[in-house]
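Shown next, in structure tokens, is the structure this report addresses.
Indexing begins at 1, ligand by ligand and atom by atom, following the structure's order. Numbering of residues begins at 1 and proceeds along the displayed sequence. Note that this is a predicted model, so its numbers are computed, not measured.
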Amino acid sequence: MENKSQNLAVVGVQWGDEGKGKIVDVLAEHFDIVARYQGGANAGHTVYADGKKFILQLIPTGILRPNKTAVIGPGVVVNPESLLEEIEAIENNGIRVGQRLVVSDRAHLIMPYHRSHEAAAEEARGVGRIGTTAKGIGPTYEDKAGRRGLRTCDLRHPELFVKKCSQVLAEKDRIGEALFGGERFRGDQWVTQYYETARRVVPYLADVSVFLHDAMDRGQRVLFEGAQGTLLDVDHGTYPYVTSSSATAGGAAPGTGVGPTRIGAVIGVSKAYATRVGSGPFPTEERGAVGEKLRERGAEYGSVTGRPRRCGWFDVPAARYAARVNDLAALAITKLDILDSLEEIPVGLEYEYEGQRAKDFPAEAEILEKARVHYRMLPGWRQPTVGLREFAQLPTRAQDYLRFIADQVEVEIAMVSTGPERDQVIWLEDSGLVREMALARG
Ligand code: GDP
Ligand code: IMO
Ligand code: MG
């Protein structure tokens with residue numbers, strides 16, 4: 001039986017794009033399997049490996065390392081066309097996928113009507129739109145909960161697939177027409193076309209729960225790769241400006257078919273500042289020229305949609321909240337180098353709403369929108385940190401900045417990323433997690 005502390009979950013602390021891909025890629029060296037448990041191709045994890053840039057959307061980052069297996073769990077929603085395109089793109093870059101990719105036979109399928117219903121729903125919301133990635137994620141999870149979803153296992157049985165499809169389509173057409181005056185999807189031709197592409201996913205299908213349990217029983221280490229972030233989680237995020245899945249660490253258990261006590265520890269990835277793409281509250285947002293500077297320096301443009309990301313400052317109440325709902329054992333702080341040129345760096349310490357100060361994260365998006373943030377101004381270090389690999393090499397003020405964050409959040413820092421490349425990382429060797437899990441450079 002494996003040592004439970006061998007398996008680790010990596011989650012986003014903020015609103016996604018924290019650099020989870022980069023951190024998972026670095027950590028993956030120490031694991032045998034990397035498993036995604038939620039979300040879909042709304043995710044965009046940018047990783048530089050062997051001098052090439054990869055944007056992984058559906059396939060776990062582990063695929064980029066030889067001899068690692070990448071697992072897509074039942075909690076993920078799969079668009080077969082996107083998955084096949086991603087496999088092709090990876091293989092065209094000289095990385096063999098083959099049997100190193102395992103896809104759950106219980107994952108829900110994103111269908112064309114999910115994307116068109118999402119587009120219609122967003123348009124109907126007008127100014128209140130969520131600003132989704134338009135990948136059909138929300139409507140697919142709606143149908144999963146509504147018990148009218150189609151799953152990857154249905155692709156194993158062509159006749160059954162067509163039958164189930166036509167039953168669902170009749171209902172979808174009625175709903176679509178009534179709500180949005182939308183397109184109609186009935187018709188065998190469309191279903192046949194979808195099936196012809198989707199069936200190519202069948203060779204990758206397996207019972208992921210069995211696969212992971214067998215691997216763990218043999219002593220293999222599993223890294224659970226979260227997509228999105230805590231504040232986009234459907235239960236714990238800034239609802240309704242969230243995604244439709246459980247992006248927090250708890251989602252890793254149902255999202256893979258592994259019991260929660262088998263996941264030993266959770267590491268939370270956070271930028272040294274903050275960003276958000278799409279609508280919704282962002283208390284520490286910096287709207288002026290300074291925000292613009294962060295965006296330019298940090299190249300803060302969505303990797304999936306190309307949208308400019310909103311930029312702001314590290315938010316202590318939000319990070320403390322993420323620490324609690326995920327039970328974070330450690331933090332990985334990314335993009336420290338982006339702050340290098342700043343004279344002073346604000347850190348959001350407390351919220352104030354209607355005269356009351358609070359360190360907790362409120363449930364209502366409306367309160368977060370209006371909350372005033374009290375900041376602590378920390379002095380900048382104004383020296384390059386790009387590519388540094390030792391904590392002691394960091395300017396004293398950068399060290400102080402990191403210590404301040406860790407003290408405020410009350411979670412130790414295990415890793416600091418100082419650039420997008422694999423080797424641009426500092427391991428904090430006295431971190432309990434790094435020692436306990438025997439991580440760090442081999
Ligand atoms: P994810 O969705 O959480 O994996 O994050 P994204 O890949 O969407 O966005 C993070 C971006 O920051 C990517 O373009 C990474 O290459 C880049 N990145 C990650 N860590 C660092 C870092 O420490 N410094 C710099 N300059 N870029 C980084
Ligand atoms: P990674 O894994 C940042 C945001 C969208 C929108 C909201 C709902 O790269 O961190 P959806 O299409 O999921 O229904 O959109 O969630 N969003 C992300 N923002 N990074 C992501 O993924 C995101 N995935 C979804 O912008 O605000
Ligand atoms: Mg991303």
Side-chain angles (χ1 to χ4, degrees), residues 10-26 36-49 53-58 60-61 76-77 79 110 114-115 118-119 121-122 129-142 225-234 237-245 247 268-282 294 297-310 332-340 384-389 415-426:
V10 178
V11 299
V13 166
Q14 303 165 309
W15 286 280
D17 299 331
E18 297 91 346
K20 298 174 294 293
K22 145 92 195 236
I23 296 297
V24 169
D25 177 59
V26 172
R36 271 277 305 271
Y37 56 88
Q38 45 70 233
N42 49 348
H45 300 173
T46 307
V47 178
Y48 291 85
K53 178 180 177 178
F54 294 87
I55 298 179
L56 295 149
Q57 292 193 249
L58 205 47
T61 301
V76 175
V77 289
N79 178 337
I110 299 183
H114 291 133
R115 297 182 70 156
E118 177 175 27
E122 279 282 88
R129 69 168 57 90
I130 291 162
T132 68
T133 58
K135 301 283 178 187
I137 305 295
T140 307
Y141 281 112
E142 281 178 41
E225 177 179 3
Q228 289 81 51
T230 302
L231 305 178
L232 287 174
D233 179 281
V234 67
T238 51
Y239 193 89
Y241 301 99
V242 294
T243 191
S244 298
S245 65
V269 185
S270 170
K271 279 176 183 155
Y273 50 101
T275 63
R276 168 163 212 170
V277 59
S279 328
F282 182 0
L294 272 180
R297 249 194 85 86
E300 296 294 357
Y301 294 88
S303 42
V304 177
T305 57
R307 293 179 291 176
R309 294 175 184 151
R310 299 155 64 192
I333 301 291
T334 60
K335 299 190 109 167
L336 184 73
D337 53 300
I338 303 305
L339 302 179
D340 284 352
T385 62
V386 186
L388 294 184
R389 302 187 65 196
M415 299 162 83
V416 179
S417 174
T418 54
E421 304 280 341
R422 257 182 195 168
D423 59 354
Q424 294 178 313
V425 72
I426 297 170

message: Polar contacts were defined as any N/O atom of the residue lying under 3.5 Å from an N/O atom of the ligand; does this apply to G138 and ligand 2?
response: no

- prompt: K20 to ligand 1: N or O pair under 3.5 Å?
  reply: yes

field: Nearest-neighbour protein heavy atom for atom 20 (N) of ligand 2, which is reported as residue plus atom name and distance
entry: D17 OD1, 3.1 Å

message: Which heavy atom of Y241 sits nearest to which heavy atom of I130, and what is that distance?
response: CD2-CA, 4.2 Å

field: Heavy-atom closest pair, residues I338 and R297
entry: O-NE, 2.8 Å

task: Provide the number and element of each atom of ligand 1 under 4.0 Å from a heavy atom of G419.
output: 20 (N), 21 (C), 22 (C), 23 (O), 24 (N), 25 (C)

- request: Ignoring angles and geometry beyond distance, decide whether A43 reaches within less than 3.5 Å of ligand 2 through its nitrogen or oxygen atoms.
  value: no

message: Under 4.0 Å from a heavy atom of H45: which atoms of ligand 1 are those, numbered in the order shown and with their elements?
response: 1 (P), 2 (O), 4 (O), 7 (O)

task: List the closest protein heavy-atom neighbour of atom 4 (O) of ligand 1: residue, atom name, distance to the nearest 0.1 Å.
output: G21 N, 2.8 Å

- prompt: Among protein heavy atoms, which lies nearest atom 26 (N) of ligand 1, and at what distance?
  reply: D337 OD2, 2.8 Å

query: Given that the side chain starts at C-beta and the backbone is N, CA, C, O, which of these parts of K135 lies under 4.0 Å from ligand 2, counting heavy atoms, or is it both or neither?
result: neither

L339 versus Y273, closest heavy-atom pair with distance: CD2-CD2, 3.8 Å

query: Hey, are T334 and K22 close enough side-chain-wise for a donor-acceptor pair under 3.5 Å?
result: no

- prompt: Are any of the side-chain nitrogens in R389 or D423 under 4.0 Å away from the carboxylate oxygens of its partner?
  reply: no

statement: Within 4.0 Å of some non-hydrogen atom of G44, the atoms of ligand 2 are 1 (P), 9 (O)

message: Can you name the atoms of ligand 2, numbered from 1 with element, that are less than 4.0 Å from a heavy atom of G278?
response: 27 (O)

query: Any sub-3.5 Å donor-acceptor pair from E118's side-chain atoms to G136's backbone N or O?
result: yes

query: So do the side chains of R276 and L231 get within less than 4.5 Å of each other, counting heavy atoms only?
result: no

query: Heavy-atom distance under 4.5 Å between the side chains of E122 and T132, does that happen here?
result: yes

- request: Return yes when R309 approaches ligand 1 closer than 4.0 angstrom through a heavy atom, no otherwise.
  value: yes

- request: Check ligand 2 against L232 and write out every atom of the ligand that is under 4.0 Å from a heavy-atom position of the residue.
  value: 4 (C), 16 (O), 17 (N), 18 (C), 19 (N)

Sub-4.0 Å atoms of ligand 1 with respect to non-hydrogen atoms of S303: 8 (O)

query: Under 3.5 Å between some N or O of ligand 2 and some N or O of S279?
result: no

- prompt: Does the side chain of D233 come within less than 4.5 Å of V242's, by heavy atoms?
  reply: no

statement: The protein heavy atom nearest to atom 13 (C) of ligand 1 is T46 CB, 3.6 Å

message: Quick check against the 3.5 Å criterion: does S303 have a side-chain atom that pairs as donor or acceptor with the backbone of G44?
response: yes

statement: Ranking K335, M415, E18 by closest non-hydrogen atom to atom 17 (C) of ligand 1, top hit is K335

task: Look at A227 and state whether any of its N, O or S atoms is less than 2.8 Å from the Mg ion (ligand 3).
output: no

query: Do K135 side-chain atoms and A43 backbone N/O form a donor-acceptor pair below 3.5 Å?
result: no

- line: Ranked by distance from atom 25 (C) of ligand 2, the top protein heavy atom is Q228 CG, 3.7 Å

- request: Among all protein heavy atoms, pick the one closest to atom 19 (N) of ligand 2 and tell me residue, atom and distance.
  value: V277 CG1, 3.4 Å

- request: Give the atoms of ligand 2, by number and element, whose distance to some non-hydrogen atom of I130 is under 4.0 Å.
  value: 8 (C), 27 (O)

task: Measure the spacing between NZ of K53 and CD of E421 and express it to the nearest 0.5 Å.
output: 11.5 Å

- request: Would you tell me whether T385 and D340 have side-chain atoms, one donor and one acceptor, within less than 3.5 Å of each other?
  value: yes

query: Hey, is G44 one of the residues with a heavy atom under 4.0 angstrom from ligand 1?
result: yes

- request: Specify the protein heavy atom at minimum distance from atom 15 (O) of ligand 2: its residue, its atom name, and the distance to 0.1 Å.
  value: T132 CA, 3.4 Å

task: Just let me know how R307 lines up against ligand 2, side chain, backbone, both or neither, with a heavy-atom cut-off below 4.0 Å.
output: side chain

field: Considering all heavy atoms, the nearest I23-S417 contact
entry: CD1-CB, 4.4 Å

task: Quick one: look up the protein heavy atom nearest atom 13 (O) of ligand 2 and list residue, atom name and how far away it is.
output: T243 OG1, 2.6 Å

Which segment of W15 sits under 4.0 Å of ligand 2 when only heavy atoms are counted: backbone

task: Run the numbers for me: atoms of ligand 2, each under 4.0 Å from some heavy atom of A227, listed by number.
output: 2 (O)

query: Considering only heavy atoms, does V242 approach ligand 2 within less than 4.0 Å through its side chain, its backbone, both, or neither?
result: backbone

- prompt: If you measure from each heavy atom of R309 to ligand 2, is any distance below 4.0 Å?
  reply: no

Under 3.5 Å donor-acceptor, T275 side chain and R310 backbone: no

message: Using a 4.0 Å cutoff against the non-hydrogen atoms of S417, which atoms of ligand 1 qualify?
response: 20 (N), 21 (C), 22 (C), 23 (O)

task: Considering just N/O/S atoms, say which atom of D17 is closest to the Mg ion (ligand 3).
output: OD1

statement: From the list V425, T61, T46, side chain to side chain contact (heavy atoms under 4.5 Å, CB included) partner of D25 resolves to T61

- prompt: Within the distance-only criterion (no hydrogens, no angle test), does the side chain of R36 pair as donor or acceptor with the backbone N or O of Q57 below 3.5 angstrom?
  reply: yes

- prompt: Which atoms from ligand 1 have a heavy atom of T418 less than 4.0 Å away?
  reply: 23 (O)

query: Nearest protein heavy atom to atom 10 (C) of ligand 1, by residue and atom, and its distance?
result: D17 O, 3.8 Å

Minimal non-hydrogen separation, G131 against S279, with atom names: N-OG, 3.8 Å

- prompt: Is it true that the side chains of Y48 and Q424 contain a donor and an acceptor less than 3.5 Å apart?
  reply: no

- prompt: Which atoms of ligand 2 have any heavy atom of K20 under 4.0 Å away?
  reply: 1 (P), 2 (O), 10 (O)

task: Would you mind checking which non-hydrogen protein atom is closest to atom 12 (O) of ligand 2, with the distance to 0.1 Å?
output: T133 OG1, 2.5 Å

message: Can you confirm, on distance only, whether ligand 1 has an N/O atom lying under 3.5 Å from any N/O atom belonging to G16?
response: no

field: Taking every non-hydrogen atom, the tightest pair across Y37 and V10
entry: OH-O, 4.4 Å

For Q228, the option from T243, N42, D17 that meets side chain to side chain donor-acceptor pair (under 3.5 Å): N42

query: Considering G12, G131, A41, which one's heavy-atom position lies nearest to atom 5 (C) of ligand 2?
result: G131

message: Could you tell me, atom by atom, which parts of ligand 1 come under 4.0 Å of a heavy atom of I338?
response: 26 (N)

